[in-house]
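The structure under discussion appears below in the form of structure tokens.
Quick caveat, the model's predicted, so the values are computed rather than measured. Both counts, for ligands and for their atoms, begin at 1 and track the order of listing. In this chain, numbering begins with 1 at the start of the sequence shown. In what follows, every heavy atom counts, from backbone to side chain, and hydrogens, waters and symmetry copies are set aside.
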Amino acid sequence: MTSPDILDLDFDAHLDVVRRLTDEELIPGEAEMTDLGEVPPRLVERLVACGLFGITLPRSWGGLGWTMEQQVRLTFEFTRASPVYRSRFSTTIGLCSQILLDHGTDEQRDRYLPDMATGRCVTSFALTEPGAGSDATAVATTAVRDGEQYVIDGHKRFITNGAWADLLIVFARTGEGFSAILVPADTEGVTATLPTRMNGHEAGPVAELSFTDARVPTANLIGDEGAGLTLALRGINHARTHVAATAVGSATRLLGEAAEHARTRHQFGRPIAEFGVIEAMLGRSRAELEAARALVLDCARAWDAGSIPWTRIAAAKLVATETANRIADRAVQVLGGDGIVGDHPVGRLWRDVRALSIYEGTTQIHERNLARHLLKTVGDGHPVFDD
Ligand SMILES: Cc1cc2nc3c(=O)[nH]c(=O)nc-3n(C[C@H](O)[C@H](O)[C@H](O)COP(=O)(O)OP(=O)(O)OC[C@H]3O[C@@H](n4cnc5c(N)ncnc54)[C@H](O)[C@@H]3O)c2cc1C
């Protein structure tokens with residue numbers, strides 16, 4: 001439950017709480033989290049108490065009602081700690097809550113949003129399948145009407161929080177198109193299994209979900225039948241913006257760790273920071289981080305101006321995640337063997353940030369979408385920007 005005093009804070013005071021949570025509890029808790037294989041329950045409670053499940057929902061639904069720019073600035077802070085912490089609430093605050101907020105019925109919103117905003121209802125977004133990855137339109141899971149119920153059969157994979165969720169938003173074929181349907185995770189016929197290994201995100205494993213004759217009321221449909229893709233994109237665009245901010249937070253931490261190591265590690269009788277090649281890696285990383293940070297903030301401001309700035313979201317997600325990967329790679333290089341051997345945070349974050357260029361649209365899908373938009377709108381030889 002969100003701590004009541006958090007609701008009384010203005011944004012800067014909340015940012016300060018989150019900064020202290022990150023430095024004093026989340027970063028020191030990373031090694032324990034990795035050993036345990038999940039976010040320790042005590043730290044999940046801290047994420048909840050500090051209001052992190054509520055940053056995207058309006059006050060009327062029990063959230064904190066922060067703007068997108070404010071959400072992004074908070075994300076820059078808490079993702080200086082392992083991105084696994086963020087994954088624990090990301091699907092609830094982004095992908096799922098935003099779909100319900102914009103497209104849910106009054107009854108669905110009353111029932112779920114206040115609990116989502118206060119961490120009592122963890123929600124997963126179940127779209128990806130073995131045959132439907134980048135091509136979400138290939139969803140093969142079915143939801144067949146039987147009187148007042150949908151009968152769901154199929155298989156989902158790579159589902160964040162699938163093993164911890166109370167509620168799933170499942171995308172399933174209903175005739176011609178596919179639809180978004182609310183499925184309580186304890187519905188008979190729903191099972192979740194975890195993979196044996198993860199490459200990065202070890203403490204936040206994604207689940208496989210199976211649906212065998214799983215029945216839910218037809219009242220659990222969100223929006224219209226066949227509108228699944230539009231609804232999914234509503235949540236996905238929000239999540240893409242947050243993933244871009246996550247990349248900036250991770251890159252900030254990585255660059256700080258690399259700079260600290262360069263200052264304190266001596267070779268050839270001096271700190272390695274004094275070698276020009278090390279300076280070049282740090283300086284270039286700093287410049288690229290500034291650029292990614294500015295683009296993500298600009299994208300957030302465009303959201304707050306009223307529309308969903310999807311080309312800028314695609315650009316920010318692509319640029320920030322690729323930047324984080326380059327900075328992670330350089331940080332490992334600056335650390336030398338310490339970046340590979342043992343459990344230094346740089347080695348762990350290097351593995352973690354790799355996934356950021358894969359989920360919420362791969363880099364190649366964003367390249368493709370941006371190129372198509374450019375070619376369609378270029379007109380008299382000038383690219384068209386959103387503003
Ligand atoms: C840690 C993690 C968490 C995730 N969480 C969730 C979740 O909560 N819910 C959920 O539904 N899904 C989730 N996903 C799934 C994620 O969205 C998919 O992995 C992603 O969409 C890519 O699909 P795929 O893995 O099947 O790769 P594929 O689509 O098979 O892509 C393989 C390669 O082909 C390229 N490619 C594919 N199509 C094209 C094209 N048209 N043009 C150019 N290149 C192309 C891709 O860029 C990639 O390089 C998660 C994935 C990971 C790794």
Would you please indicate if the ring centroids of Y150 and F211 are separated by under 6.0 Å? no
Of T75, T79, T246, which is the lone residue that meets side-chain hydrogen bond (donor to acceptor under 3.5 Å, both in side chains) with R86? T246
Strictly below 4.0 Å, N to O, side chains only: are K317 and E360 in salt-bridge contact? no
What I want to find out is whether E290 reaches R286 closely enough, with some N-O distance under 4.0 Å, to be called a salt bridge. yes
Without hydrogens or angle criteria, can the side chains of H14 and W66 be said to hold a donor-acceptor pair below 3.5 Å? yes
What residues come within 4.0 Å of ligand 1, counting heavy atoms only? F125, L127, T128, G133, S134, F158, I159, T160, V206, I358, Y359, T362, Q364, I365, R368
Give a yes-or-no answer on whether the side chains of H238 and Q71 include a donor-acceptor pair shorter than 3.5 Å. yes
